[in-house]
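Step one of this worksheet: look at the structure below.
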Amino acid sequence: MAAPSHVLPFLSPASGCAARASSRSHSCRRAGLLRCSAAAGQAGFFTRLGRLIKEKAKSDVEKLFSGFSKTRENLSVVDELLTYWNLADTDRVLDDLEEALLVSDFGPKISFRIVDTLREEIRDGKLKSGAEIKAALKRCILELLTSKGGNSELNLGFRKPAVIMIVGVNGGGKTTSLGKLAYRFKNEGVKVLMAAGDTFRAAARDQLEVWAERTGSEIVIDNDKKAQPPAVLSQAVKRGKREGFDVVLCDTSGRLHTNYGLMEELVSCKKVLAKALPGAPNEILLVLDGTTGLNMLQQAREFNDVVGVTGFILTKLDGTARGGCVVSVVDELGIPVKFIGVGEGMEDLQPFDAEAFVEAIFP
């Protein structure tokens, strides 16, 4: 039986065609609006997620304090220098302060700049007590981190899945950092897929499988054990799209920044991700070992030149590292620190917060 006509009787045949055309146009507009609405919803999801993870840094200040105990010890001389400060002792005090900053790995350029700023403000009569000098010192460091580092929140784009690529040298804590990042995401109800792109080291794949199990994440591995890293990462992103994952975390093989052949492989990985999902990767996070101090700067330069780093993860800040390297890296490259590792536990990868950091390094 034919379906009853829903064309209104006062419409002419031509008008009926126009109505259908108008209806199709309306449907297209509506579909476009739905797509825009979905994109906006996903963008809102990722914006809230990045902000939420960042905000939780403020509740973890105690772990920051324990992680920077060595730096705080080196900078304890600041209070000794400034407690009985007077104008006649300015040059001696500032020289000793400069030395304390250098010992804490702030680097010569930053240390000199900070001390010159303090000297000028003292000379202009803006700083008239030890307490004011210490406050100005903390302000200078905070301004360096916020003006050069920019936004330290994760930038996860506007469509699912967000793709994060983790890079770094061997032994820096790359795979462990990825696992801890997955733990952070899972705690926020995020559906996480890991990609075992470190196909060079079999132990890395096994390690990542353990992290997947611990965090309740899914994982893509090279089943034939001959797949190249770009192929594994491409497969993971395609699965992430197909199965509705929120975030794909891509591990890569550790490599020395001086091995240009392996560094070029990272470029291939990045291109493959972009081909599988336009706009990917949303973040390229470079893992740096905090115990290497200022030596990490050359690594950061090389990785950034080759692959375009969007943020740093500083690891092994477990009480022995000198935290001034955080400021040095940000000042040198203008790239934000997004996470710091302050211990061995799953919760010890902390979102970086500049204000909390400055409070943590000073006694």
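These numbers come from the heavy atoms of this one structure, side chains and all, not from hydrogens, waters or symmetry mates.
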- Message: Is it true that, when you exclude Lys271 itself, more than 12 heavy atoms of the residues, nucleotides or ligands shown sit nearer than 6.0 Å to its NZ?
- Response: no
- Query: Does Lys191 come within less than 4.0 Å of Asp246, counting only side-chain N to carboxylate O?
  - Reply: no
- Query: Out of Ile313, Val306, Leu286, which residue meets the side-chain contact (heavy atoms from CB on, under 4.5 Å) rule with Val167?
  - Reply: Leu286
- Do Thr252 and Asp198 have side chains that get closer than 4.5 Å, going by heavy atoms? no
- Kindly indicate whether the side chain of Val326, heavy atoms from C-beta on, has any atom under 4.5 Å from the side chain of Leu314. yes
- Item | Val358 and its side-chain contact (heavy atoms from CB on, under 4.5 Å) partner, picked from Leu142, Asp353, Leu144, Leu137 | Leu142
Which atom pairs, donor and acceptor, lie under 3.5 Å between side-chain atoms of residues 124-132 and protein residues at least two apart or in another chain?
unit_1	atom_1	unit_2	atom_2	d
Ser129	OG	Glu132	N	3.2
Glu132	OE1	Lys128	N	2.6

- Message: Just to verify, what does Arg301 make a salt bridge (Lys or Arg N to Asp or Glu O under 4.0 Å) with, not counting sequence neighbours?
- Response: Glu332
- Query: Under a 4.0 Å N-O cut-off, is there an ion pair linking Lys238 with Glu243?
  - Reply: no
- Message: Run the side chain to side chain contact (heavy atoms under 4.5 Å, CB included) test against Pro336 and tell me which residues pass, sequence neighbours left out.
- Response: Ser152, Lys338
- Query: Quick one: are Leu102 and Pro108 in side-chain contact, heavy atoms under 4.5 Å?
  - Reply: yes
- Under a 4.0 Å N-O cut-off, is there an ion pair linking Lys174 with Asp251? yes
- Item | Under-4.0 Å salt bridge between Arg92 and Asp95 | no
- Query: With a 4.0 Å cut-off, would you call Arg184 and Glu188 a salt bridge?
  - Reply: no
